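Chain A is the first sequence line, chain B the second, and so forth, proteins listed ahead of strands; every chain is numbered from 1. The structure displayed is predicted, hence computed values, not measured ones. Atom set for the values below is all heavy atoms of this structure, side chains included, hydrogens, waters and symmetry mates excluded.
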Amino acid sequence: MSRSDVLLDVQGLKTHFGTDDGVVRAVDGVDLSLARGRTTCLVGESGCGKSITARSILQLVDPPGRITAGHVWWHGDPDAAEPADLAALDPRGERMRAMRGADISMIFQEPMAAISPMYTVGEQLVEAIQLHLPLSRRDATDKAVRLLGRVGIPRPEQRMHAYSFQLSGGMCQRVMIAMALACEPSLLIADEPTTALDVTTQARILDLLAELQADTGMAMLFITHDLGVVAEIADDVAVMYLGQVVEEGSVTDVFDHPRHPYTQALIASVPRLGSRGGRTSRLAAIEGIVPHPLLRPAGCSFHPRCHAPVGDACQELPPELHAVDGGPAARCHWYDDAVRPEGRTLPVIPVAPTIAVTPPAPVPREEAAPVLEVRDLTVHYPVKRGLLNRTVGHVRAVDGVSLTIAPGETLGLVGESGCGKTTLGRAVVRALAPTSGQIRYHDDKGTVDLAALPDSALRAYRGQVRMIFQDPFSALNPRMTLLQLLAEPFRNPALRRDRIGSETEQRVADMLVRVGLRPEYMRRYPHAFSGGQRQRVNIARALITRPRLVVADEAVSALDVSVRAQILNLLADLRDEYDLTYLFISHDLSVVEHLCDRVAVMYLGRIVETTTTDRLFDTPRHPYTEALLSAVPVADPHRRGDRAAQLPDELPDPAAPPPGCAFHTRCPHVQAERCGTEVPQLRGIAPDHDVACHHAEALELRGVRNPISSPS
Amino acid sequence: MLTFVARRVALMIPTLVLISIVTFTIIQLPPGDFLTTYVTNLSAQGEQVDPAEVAALRARYGLDEPLPAQYLTWIWGIVSDGDFGRSFEWNRPVAEMISDRLPLTIVFMAATVVFTWIIAFPIGLYSAIRQYSITDYVATTIGFLGLAIPNFLLALALMWMGLNVFGQDSVGGLFSPEYRDAAWNLGKVLDLAGHLWVPMVVLGTAGTAGLIRILRANLLDELRKPYVTAARARGMPERRLLLRYPMRVALNPFVSTIGWVLPVLIGGEVIVSSVLSLETTGPLLLSSLQSQDMYLAGSIILLVSVMTVIGTLISDLLLAWLDPRIRHGMA
Amino acid sequence: MSRPTDVDPATPDAELAVASQRTLVWRALRRHKLAMAGLVITCLLYLVAVFADFLSPYDPGDINADYAYAPPQQLHVVDTSDGWDWGLYVNGYEQTRDPETLAQTFRENPDEKIPVRLFARGPEYKLFGLISTDIHLLGPDDPDGPPMYLLGASRTGHDQLSRILHGTRISMSIGLVGLAMAFALGVVLGGASGYFGGKVDAVIQRVVEFFMSVPAIPLWLGLAAALPRDWGPLQRYLAITVILSIINWTDLARVVRGRFLALRGEDFVTAAYLDGISRRRIIGRHLLPSFSSHLIAAMTLSIPAMILAETSLSFLGLGLRPPTVSWGVLLSDVDVRALETAPWLLLPGLAVVTAVLAINFLGDGLRDAADPYQS
């Protein structure tokens, strides 16, 4: 890009944190230039310094963090002959203050927490406007209402008087966007603005941002760890690893011809929607984890995880950023003519094609008795209000769910947060008692209804039905060693055949090896492990009793991209090795597509569609499934903008679900007939394909792989 | 909001009933009923006791009935016509004795609460925004000391200083001798103000120290919240940012002071007033306890406890009024 | 099967990887300088409490009316009167009586030397209540000669040093004993409240709220005043600890309940439940260890309140009474007039402040170190 296009130019930026254990070099020499009117995505795993980079631009780094070197050149002032160096300004000074919010504004990851709960959103918005614009209170209020309307908030006059805690996360993020745009900044910094939001909400926020950018011509620095989001929104991409930009270029170049081994590995490790995972494919996971910030490797900081180091130079010399003709620039010795051996180039990691040419033959469902049959399961929580804390209603977290899981099958359970999928999973493992319904479990000894069993009788099945939790940190008692943790299931009075002794220790050691941990780690405590390693421990704990059915509740959602791929591969391997049946709960449809044989879609406590993975992704028959599928950002910039109608509004109150079809308030295909009055039942519309929609046969819905699925 | 108020008031009632039961129990704890003690006392002083009068009193307070009935008689007397019983030591109605001293007690308390706020607010604020500065360390140290020094020790120290350093001759009491029995006028009010500061400092120190610590901790917590960074990113000036946003939240303890400082103050008041011989309810309570004049003691305990409960109620309502999260049942 | 992840684990320190909770808490606490100072002082105070008989030169009950309000003497380590020599001694008193007020005034007499020695013989006592001995750390060479008042004497001629040392025993122990009772009440009720939830929780919560809304001191006073007059020192001591714990259990109960409630929702507790282990093991092996450190911190922080409460009660004459010796009892001797003549009578107050500060610092440090697993 030419000089005149550059809006912001970061050169050699270093932001360091002095801690008791040493200096953490969170940002360590970042070069980055942002072009006017374009969206630059800063992407990388957690701990790479993306957010600190963004905050350093506006000098918002909290102590003990400090900018120790570098420049942030601002070319946004048309009157100024020279660019201003923002890094040289006093962080508490008037010039910096005048820039913030007026020239450069920022939105954050947790929209709810980024708005003060003590004032209405209207008051805060008006204040933001008046900070930089000389408007009267009345004019500012008018402008605030217009802004709220502009960012897609229905009934903005009333919303002005709402508090942040009365709005949903998506609404709060819209309010934040309205505040950020109040003074028409030249640059908007968006720090993971959609990470905390549901996939459907995320899609709408991304659309809004793209639309606003097109209208105002502002530039955007968008920070994210999600390659799907990058492909969706970026013009330019900068990839960060351990405090440095390792690759930058246009979005198509980076996705089509990634140069840096890290970028290549990142792209390869993400399951892409529509790529047909299935049982044969594995993700190309990056080895290892992002190292502790105090243990930064010498030379190229990525070399211990690199799939193809050039040679000794990687361990000794920090690489420079090498521009390559007609492609992205990469900080890698492979592009340094002085280092690279003559005639060799970086071996490329193959990436699975996004559209399978021929769908594999559908796997026939086994005729054997299912492992688990859930019949009309409900879980209700009382809602208490008023003077005497009386129960005034019930949240129907799970509201009459039936499903079956065949032996060896992996059933995916998807839906937005709050749809009841986690509650359903917990009810299945009997972590909580269902309100009514049956959970019929079949084994070679016969059938038993887990829902009806008391605690003592359940113990006999605790070893057969296991659970893997979402949060690898909170699921392990930090006060017990791995050996103690993994031996705990054998303390079950119903399971204990032998005394806990050397035999148990041997089993624990074997299990640790199985999940990719060293057996000598068994004397260590969980705090000694990273998130990915802890999730391995969680898996080991679940599998050490040799269960038949494993409920995995968002088991990979809390993990970074590269570690997620490792764990997904591990789950798939273990499934084959131990003949496991999985109930895999996830909000991430691309992960579900990759791992699952069948999928059930949940909405407000009910299953709305269930069928094989291929059918669901090819030919969804429920409008909600269609909307979910189209909201998932695909990690392929060439498939951008390829989506069906967006879902309006957010999830209704589960304590007072709408009458008729619970989805009709948001359904883009809603019909006058029946939808608002009659509750649709789950019914078979094709072999092995059940849908709860009155109009399933008549609707033309889009799947992921073929644009329009006609009625079959 | 109305539900909230109703709920809070409704919750208060069982507490009040419990308090009255506990008070009644305390009254009943010493051996023998009060009339026996009364008669013994009078006889000891060589006075004649009219058996008819004793019988009348016995009937009036239902002393021959079982304890629950006695309790009901007692509490009904208080609720219906403010009859708190008789002090046998002073041979006066308890209600009369308390009403002599209660207004001054309330003035003293209120002044102390205000004093606590005025001192704690700037120190806590400064301590938080200049964390780890010298001022912060000094304030923190004073805070710790204030919590560690018993009230009476401070009172003794101040009196000793008053005598030796300032050469004052009457540190104790709330009035100079010439105003002690005078009617209320401007001079008397000024005299009161002149005497009030010593007990105020003594009594307020512990509360002030606690409040500084709480304000500092709360403010430090709030300053780390994302909304502060977000407001700064909007170009909010630092001073306004601090005063308008985190301060509003960190102020909650000030409002709830009334709730949690009041019990501390009322307790401290007994000690401080006794040491400094103030004309408040504290010394009266102490002397009545020492002489086991239980109706007087119990009534004072009952009254101050009720005052605390009402103070807590007021602070809770204020809090709800100030903090939308509480108002809307979110916190 | 995937191969072992050979990249370093999250902690750079391999020793930390096998460190138990106790080790981690201790590491965190060691960094906290004030807390360490508090710990040392607290330990010293409890040592004093244990060895009070040995450390104090006299029996706290010994009086010598000739030396009422005798001021503190300076302890000389070096004898320079006759050249330079090692030698412990104090100077004797010169007494004059004001002919009008008849008040005694004391002056140190530089010519009179009272030799003092380590491990001197004095009044007999039983060390730990078992071993009969008369050896004291420091005392006048001749137990029957003129007395030594390093911290001055009281109105009736008690040795203030011996009294403060013995007071440590009562004042510091009343905190512990009261705490033990408050602990039992708080843990049982708080635990029941947190574990069972529902109606049990509601009832216990109301009771806790009640106790917290009642101003504590009038209630103490009421209860203390109602104690029978003829009770002996031991009965009174126990009664006062009970009264103190009645007020103080609520804080502990709240801590326990809050922790229980928070932990009940933790995944690792659910995971333990799903392992099928017994309820007792869940509580004993998973729940209790998780808040034991918090509990210890909360308990430590409630000792100062007990000490202060005892001091106040005794000062007002409603708590412990002579001949029991506690810091509060000693301070009840003090009024403004006594301060004029004998300001050293305030020294027990210094002991109170030191103890309360030290334990507060320690408690604060423990509270900060209680959860070493927070990132």
Can you tell if the side chain of Ser312(C) reaches within under 4.5 Å of the side chain of Asn151(B), non-hydrogen atoms only?
no
Answer whether the closest heavy-atom distance between the side chains of Phe144(B) and Val353(C) falls below 4.5 Å.
no
Side chain from CB out, backbone as N, CA, C, O: work out which of these in [X] comes under 4.5 Å of a heavy atom of chain C, or both, or neither.
| X | result |
| --- | --- |
| Leu145(B) | both |
| Ile149(B) | both |
| Leu18(B) | both |

About how many Å separate OG1 of Thr311(C) and CG of Leu153(B), when rounded to the nearest 0.5 Å?
9.0 Å
Working to the nearest 0.5 Å, report the span between CZ of Phe152(B) and CG of Leu316(C).
8.0 Å
Residues of residues 33-46 of chain C within contact distance of chain B, non-hydrogen under 4.5 Å:
none
For Leu308(C), which atoms come within 4.5 Å of any heavy atom of chain B: side chain, backbone, both, or neither?
side chain
